[in-house]
Amino acid sequence: MIKQIIINAIKKAIGESLGVLPMVEVEIPKDEAFGDAATTVAMALAPVLKKPPRRIAEELLPKIHAAGGPFERIEVAGPGFINFTFKQDYWYRSLGEILSNTEDVLRTDIGKGKKVQVEFVSANPTGPLHIGHGRGAAVGIALSNLLERAGYKVQKEYYINDAGRQVRLFGLSLYAKYQQRLGNEIPFPEDGYKGGYIDELCDEFIDRFGNKYLDVPSTECVDFFSEWAYQRMLREIEKDLGDFGVVFDRWQSEKAIYSMGKVDDAIAELKERGFIYEKEGALWFRSTAFGDDKDRVVRKTDGEYTYFASDIAYHREKLERGFDSIINIWGADHHGYVQRLEAVIEAFGFPRKRMKVVLVQMVSLLRHGQPVQMSKRAGEFITLREVMDEVGTDTSKFIFLTRRADSHLDFDIEVAKERSSENPVYYVQYAHARISSIFEQAEQRGINTSNLAEPQLSLLSLPDEIRIIKKLCHYPMVFELSASSLEPHRITYYLQELSGLFHPYYNRHRVISEDINLTVARLFLCKALHTVLKEGLGVLGVHAPQKM
RNA sequence: GCGCCUGUAGCUCAGUUGGAUAGAGCAGCUGCCUUCUAAGCAGCGGGUCAGGGGUUCGAAUCCCUUCAGGCGCGCCA
């Protein structure tokens, strides 16, 4: 990999003269005139060595040359950059490796088998998933794919909030709707769940049970209504997610955490550790001991645990399942929760950094540029199902992943629906489909594209071709950075850039020509492109179509 | 009032974790389909990186401050 080659060269060169080694930053210069890769070590070393960076760089130069490497040119430039230009040969070799050793080259193993858990979506099972959950799902699955490919052992988990007041209220809402539907005018609960899906749920309930519960008071059957309603909802959520291409390894019920006594256990352990105290008839967690603004109640004066209490137990349980790292993907409106949960992690004696929280910002839904008002209370919102049906899963996912998770997203349904250049996903998919089509043509002319005979890669000498090869070789760096920073959108951007090199090339030059050697070489290049496009789209959970 | 996030081209956003002359897409205008898919390509503009101060060889990026927007600040979930 490019980065490693530079680091090794610098290490060798510096190792001889100095004992110490600073962080070697390697970057791909924006301007091709500055070579293929550059490092800033000389600048970083300047304050240490008390010498001007340019001089350090110049002194380093002969040593780097002596250390050897696939370099055509090494130059000192600007304030003290050391710019490397690789030999053409190196690029051809790397291109070959992308195809001969695809997974090892494209999927840098930074995980080394470490166990990671990614918890995402985890929407209350009191209603259908909406577009915001869709974004969480897209980020979660992309992140999981990313980490899996980076050598982590990933478990995808959905936490079901089935214990709290909300599911109870959900059950009461259904009960009220049921009574009303059968002619019994009882009041609808304050803050109850409204919206069309409650009606549908009620229809189904009546089909199933008729008027069996008409004369049963709510106090006696609300548990049943709740249970039935949220189980029903959960199945729908699972179905929606499945159709969205998101399948979880594990569904953890909050209720189960309670019934197995894990909440009691967790609080007891915190008590032993001295982080639980009683005040004004409630139990408090001393989160301020770990930097939180205030201590938090875990058990109310009425004896009920708070939501936070089960979260404590849940996170303890996750940590004890032996993950090297647990990642929570939350809506940004939960950011206030991060600190107190980090306190929990530390209170149990785990390093704070073992838990990472990825905050996903809200999605503003638009139609033709006009905001679509959504009100959860009134039950008026666009569901993920509607978005999937209207704009498609690939497009939705891609759009969700074209921004950093923590930046706001405007999602215009009407624009997303258009099969036009407004949709970057087509741009990338189209590149993949076009290459498939080229292969088909080549096959028709009797060329075996799945096993290209001895391509003479040096025939790929056009600037367009060299540029594509280099870009392909950048993928591992983008991938690694994307995985280590938990930022899948970097892949999205890379794919657009890569496609942006291919389409012009396709327009200017013919892959299949009378010159069989050139044709084979170009097919080889296309194959590498095909491979990387598919790999990248795979990370995003987006299809790489053969035809469009 | 306090905390977190955001502020970059007309619009939507990237920006290699402090690097070299700040980039895409869209929107606008002009061209390109008898040859591997026009969901494509070629060309033309557009900037006080919200404002101010600081840190240093070097700042869109780090610190302080002001302004604007979003979110959060319960013995709710």
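The figures that follow rest on heavy atoms only: side chains count, while hydrogens, waters and symmetry mates do not.
Within 4.0 Å (heavy atoms only), A:Tyr337 reaches at least one base atom of the nucleic acid. Nucleic acid contact for A:Arg508: sugar-phosphate only, since backbone atoms but no base atoms lie under 4.0 Å from a heavy atom of the residue. A:His432 comes within 4.0 angstrom of no nucleic acid atom, judged by non-hydrogen atoms across all strands. Residue A:Gln546 is in base contact, counting any heavy-atom pair closer than 4.0 Å across all strands shown. Residue A:His489 is classed as a sugar-phosphate contact, given heavy-atom separations below 4.0 Å to backbone atoms only.
Checking B:U16, B:A42, B:A77 against every side-chain atom of A:Pro504, the shortest atom distance belongs to B:A42. Comparing B:U12, B:U37, B:C36 by their closest approach to the side chain of A:Ile512 singles out B:C36. Minimum atom distance to the side chain of A:Gln441 is reached by B:C36, of the listed B:C36, B:A77, B:G72. Among the nucleotides B:C36, B:C75, B:C41, the one closest to the side chain of A:Ile438 is B:C36. Ranking B:A38, B:U16, B:C75 by closeness to the A:Arg434 side chain, first place goes to B:A38. For A:Gln166, the side-chain atoms get nearest to B:A77 when compared with the rest of B:A42, B:U37, B:A77.
In a base pair of the Watson-Crick type (N1 to N3 plus N6-O4 or O6-N4) or a G-U wobble (N1-O2 and O6-N3), with each distance short of 3.5 Å, B:C36 is matched with no nucleotide. Pair assignment for B:G74 gives none, since no Watson-Crick or G-U wobble pairing has each distance under 3.5 Å. As the counterpart of B:A42, B:U30 is assigned, both hydrogen-bonding distances of the Watson-Crick or G-U wobble pattern falling under 3.5 Å. Of the nucleotides present, none pairs with B:G58 by Watson-Crick or G-U wobble criteria with both distances under 3.5 Å. Of the nucleotides present, B:C67 is the one that pairs with B:G7 by Watson-Crick or G-U wobble criteria, both distances under 3.5 Å. Pair check for B:G47 finds none; no Watson-Crick or G-U wobble contact set falls under 3.5 Å.
Between A:Phe411 and A:Phe400, the ring-plane angle classifies as tilted under the 30° and 60° cut-offs. Taking the six-membered ring where tryptophan is involved, the planes of A:Phe502 and A:Tyr506 are tilted, since the angle between them lies from 30° to 60°. Using bins of under 30°, 30° to 60° and over 60° for the plane-to-plane angle, the ring pair A:Phe308/A:Phe285 lands in the tilted bin. In this structure, A:His315 and A:Trp330 have perpendicular ring planes: the angle between them is above 60°, well past the 30° mark.
Its glycosidic angle being within 90° of 0, B:U17 falls on the syn side. For B:C57, the O4'-C1' to base torsion is more than 90° from 0; the nucleotide is therefore anti.
Side-chain N or O atoms of A:Glu487 include none that pairs as donor or acceptor with a backbone N or O of A:Arg404 at under 3.5 Å. Panel note: side chain A:Arg367, backbone A:Ile413; no donor-acceptor pair is recorded below 3.5 Å. Side-chain atoms of A:Ser482 do not come within 3.5 Å of backbone N or O of A:Phe479 as any donor-acceptor pair. Checking side-chain atoms of A:His130 against main-chain N and O of A:Ile382 turns up no donor-acceptor pair under 3.5 Å.
Centroid-to-centroid, the aromatic rings of A:Phe34 and A:Phe81 stay 6.0 Å apart or farther.
Mapping A:Ala405 and A:Gly164 onto RNA chain B via the closest heavy atom, the residue that lands nearer the 5' end is A:Ala405.
Between the base of B:C75 and the side chain of A:Thr301 there is a donor-acceptor pair shorter than 3.5 Å.
With C1' as the reference atom, B:A9 and B:A50 are 15 Å apart, rounded to whole Å. Here the separation of B:G58 from B:A38, taken at their C1' atoms, is 45 Å to the nearest Å. Taking atom P in both B:G46 and B:C2, one finds a spacing of 42 Å when rounded to whole Å. Nucleotides B:A60 and B:G18, compared at atom C1', are 11 Å apart to the nearest Å. To the nearest whole angstrom, the two P atoms, one in B:G10 and one in B:G1, are 32 Å apart. B:A27 and B:A39: their P atoms are spaced 15 Å apart (whole Å). Nucleotides B:G72 and B:A77 place their C1' atoms 14 Å apart, quoted to the nearest Å. The same atom, P, is picked in B:G52 and in B:C57; the two are 24 Å apart, to the nearest Å.
A:Tyr307 has no side-chain polar atom (N or O) that falls below the 4.0 Å cut-off from OP1 or OP2 of B:A77. OP1 or OP2 of B:U37 has not a single side-chain nitrogen or oxygen of A:Tyr426 nearer than 4.0 Å. The phosphate of B:G74 (OP1 or OP2) has a side-chain N or O of A:Lys294 nearer than 4.0 angstrom.
Summarising the geometry, the separation between CG on A:Asn423 and P on B:U12 is reported as 17 Å, rounded to the nearest angstrom. Atom pair A:Met362:CE and B:G72:P shows a separation of 8 Å (rounding to whole Å applied). In this structure, CZ of A:Phe398 is placed 14 Å from P of B:A14, rounded to the nearest angstrom. As rounded to whole Å, 12 Å separates atom C1' of B:C75 from atom CZ of A:Arg296. For the pair A:Tyr506 OH and B:A39 P, the interatomic distance rounds to 11 Å; values are reported in whole Å.
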Kindly give the atom pairs (protein nitrogen or oxygen, nucleotide nitrogen or oxygen) under 3.5 Å for nucleotides 1-6 of chain B.
from: B:G3; atom 1: N2; to: A:His335; atom 2: NE2; distance (Å): 2.5
from: B:C5; atom 1: O2'; to: A:Asp406; atom 2: O; distance (Å): 3.3
from: B:U6; atom 1: OP1; to: A:Arg404; atom 2: NH2; distance (Å): 3.1

I'd like a table of atom pairs between the protein and nucleotides 17-22 of chain B - only N or O on both sides, under 3.5 Å - with the distance next to each one.
from: B:G19; atom 1: O2'; to: A:Glu27; atom 2: OE2; distance (Å): 3.4
from: B:A20; atom 1: OP2; to: A:Lys30; atom 2: NZ; distance (Å): 2.5
from: B:A20; atom 1: N6; to: A:Asn83; atom 2: OD1; distance (Å): 2.7
from: B:A20; atom 1: N1; to: A:Asn83; atom 2: OD1; distance (Å): 3.4
from: B:A20; atom 1: N1; to: A:Asn83; atom 2: ND2; distance (Å): 3.0

Quick one, A:Ser310 with A:Glu254, criterion side-chain hydrogen bond (donor to acceptor under 3.5 Å, both in side chains). Give me CA distance, side-chain angles, the key distance, then yes/no. CA-CA 7 Å; A:Ser310 55; A:Glu254 179 187 6; 2.7 Å; yes
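A:Gln429 and A:Asp394 share a donor-acceptor pair across their side chains, judged by distance under 3.5 Å alone. Side chains of A:Tyr505 and A:Glu465: a donor-acceptor N/O pair is present below 3.5 angstrom, by distance only.
Looking only at side-chain heavy atoms (C-beta outward), A:Arg352 and A:Ile345 stay at 4.5 Å or farther from each other.
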